[in-house]
Amino acid sequence: MMTEESYPEEEFMSRAFLAALAAACLVAGTPALAQQIIKATDVHPLGYPTVEAIVRLGNKLEKATNGKYKLQMYPSMQLGGEKEMTEQAQVGALQIARISVGPMGTIVDEFNVFNMPFVFKDEAQMRKVIDGPIGTEMLTKLTNSSARLVGLGWMDAGTRNVYTDKPITKPADLKGLKIRMMGNPLFVETMNAMGGNGIAMGFNELHQALMSGVVDGAENNEPTVFAQNHYQTPKGKVYSLTGHLIIPEIFVYSKVSWDKLPKGDQTLILKLSREAQLEQRKLWDAYVAEATTKLKAAGVKFVPSDKEAFFKATQPVRDKYGAKYASLIQRIRDTK
């Protein structure tokens with residue numbers, strides 16, 4: 001780094017030398033100066049499947065364009081939580097963000113279909129839905145909306161289950177417990193219907209809330225509980241397999257930045273995004289297995305729950321939010 005004391009050293013460089021140096025750079029084409037930086041971000045750390053998939057996308061893009069683009073990843077909430085990430089993408093302060101579909105439901109209403117409890121039969125069906133026509137249509141809806149985001153692709157986020165300091169096997173077990181939910185009224189109502197007290201809270205606030213007892217627990221997939229060290233908090237000792245939500249995640253590009261890209265580069269990024277969507281899935285399956293093994297080794301108890309009881313308890317939520325999406329929900333159910 002240049003220090004104040006080092007400035008006089010520049011006097012030893014003649015103007016002729018500086019001019020020659022500048023000319024040499026021009027002849028060389030100054031690839032470093034011509035390179036365009038694509039800022040990407042995620043709440044998860046390096047190595048997490050969603051992060052790794054985007055890093056690999058960036059490597060492929062840099063190679064395919066002979067270094068025209070270079071992706072810089074900002075993991076671990078370096079640029080804020082998902083709300084902040086979304087807002088920065090909308091104004092072009094960053095280019096790629098991996099965002100939960102939960103908060104996206106407040107931006108594009110149709111996304112709330114994926115946010116309803118037990119809307120998918122299982123994870124395998126969810127994958128077929130996001131890989132097929134429905135998934136493509138939803139990405140297009142986002143791109144064509146006023147959200148100022150371009151839908152690039154989907155990612156697997158597994159099945160969400162409740163974790164706290166005691167087993168949750170039936171709705172009555174949640175009575176009186178404050179459970180953190182993503183910032184969408186639908187999720188708060190889902191937890192309330194399940195028997196608990198849903199608390200909307202930013203993901204970046206959750207670890208401290210679990211440590212201090214501001215909340216009694218949360219719900220998420222195994223990799224997140226492990227990667228975010230939630231299992232090391234007083235409220236992360238029992239992981240109950242409620243299976244109430246199977247929500248895919250989405251990665252997006254800033255519309256402001258996207259519109260400045262040549263059409264050919266847009267097509268290339270979309271192609272690499274599809275590859276990243278499928279590649280992340282393999283990374284995800286391996287990471288889930290690893291995280292589950294490590295959580296159990298750390299003493300976390302995995303407890304089966306009465307999913308049918310929670311399914312019945314959450315029927316009012318599906319009735320309330322799903323009525324206007326009846327045809328789409330039927331298409332999801334018909335997906336084999």
Side-chain angles (χ1 to χ4, degrees), residues 41-53 55 73-85 98-100 102-103 155-169 173-183 187-188 191 194-247 249 280 283-305:
T41 186
D42 200 309
V43 301
H44 295 298
L46 288 174
Y48 193 87
T50 58
V51 180
E52 178 63 21
V55 168
M73 171 59 72
Y74 295 83
S76 301
M77 293 181 278
Q78 290 182 27
L79 302 182
E82 291 194 344
K83 180 177 183 294
E84 292 78 15
M85 288 159 43
R98 195 283 309 152
I99 305 169
S100 300
M155 290 192 173
D156 195 327
T159 301
R160 299 175 78 96
N161 301 287
V162 173
Y163 53 100
T164 181
D165 57 0
K166 69 173 189 176
I168 304 298
T169 62
D173 294 335
L174 281 167
K175 185 176 181 180
L177 297 184
K178 300 187 295 293
I179 305 296
R180 179 266 175 180
M181 304 298 289
M182 287 184 286
F187 295 129
V188 174
M191 180 49 61
M194 289 173 64
N197 181 14
I199 304 294
M201 177 181 291
F203 188 71
N204 51 328
E205 305 171 40
L206 179 54
H207 191 279
Q208 182 57 38
L210 290 167
M211 288 296 295
S212 64
V214 169
V215 293
D216 298 305
E219 48 82 60
N220 218 311
N221 54 57
E222 300 92 334
T224 298
V225 176
F226 176 72
Q228 299 297 327
N229 296 318
H230 290 174
Y231 69 98
Q232 295 179 347
T233 71
K235 304 298 182 179
K237 304 304 182 184
V238 183
Y239 192 76
S240 301
L241 302 174
T242 52
H244 53 284
L245 293 170
I246 302 176
I247 310 173
E249 295 181 335
Q280 185 266 348
L283 295 169
W284 180 259
D285 288 342
Y287 200 92
V288 169
E290 180 184 3
T292 300
T293 298
K294 290 184 176 179
L295 287 171
K296 289 180 177 179
V300 176
K301 295 182 180 178
F302 279 63
V303 179
S305 299

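Just the heavy atoms: all of them, side chains too, but no hydrogens, waters or symmetry mates, feed the values below. Start at 1 with the first residue, then count along the sequence.
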Minimum heavy-atom separation for [X] to [Y], with atom names?
X    : Y    : result
P304 : T169 : O-CG2, 3.6 Å
V162 : T242 : N-OG1, 3.3 Å
A291 : P223 : CB-CA, 3.9 Å
P75  : Q78  : O-CG, 2.9 Å
A209 : M201 : CB-SD, 3.6 Å

Using atom types as modelled and distance alone, determine if a side-chain donor or acceptor of [X] lies under 3.5 Å from a backbone N or O of [Y].
X    : Y    : answer
N161 : G243 : yes
R160 : E219 : yes
N197 : G176 : no

Say you draw a straight line from [atom1] of [X] to [atom2] of [Y]; how long is it, rounded to the nearest 0.5 Å?
X    : Y    : atom1 : atom2 : answer
Q232 : L295 : CD    : CG    : 10.0 Å
K235 : L206 : NZ    : CG    : 12.5 Å
Y239 : E222 : OH    : CD    : 3.5 Å
K237 : Y231 : NZ    : OH    : 9.0 Å
M155 : L283 : CE    : CG    : 9.0 Å
K178 : I199 : NZ    : CD1   : 7.0 Å

Mind listing the side-chain donor-acceptor pairs of residues 44-51 below 3.5 Å, one per line with the distance, residues two or more places apart or on another chain?
residue : atom : partner : partner atom : Å
H44     : ND1  : Q228    : NE2          : 3.2
Y48     : OH   : T224    : OG1          : 3.0
T50     : OG1  : D42     : OD2          : 2.8

Do the non-hydrogen side-chain atoms of [X] and [Y] ever get within less than 4.5 Å of each other?
X    : Y    : answer
M182 : F203 : no
F226 : Y287 : yes
L177 : I168 : yes
V238 : V303 : yes
E205 : V214 : no
T233 : H207 : yes
V43  : R98  : yes
Q280 : E52  : no

Please check if the number of heavy atoms outside K83 that lie under 6.0 Å from its NZ is greater than 12.
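Atom NZ in K83 is not crowded, with 12 or fewer foreign heavy atoms closer than 6.0 Å.
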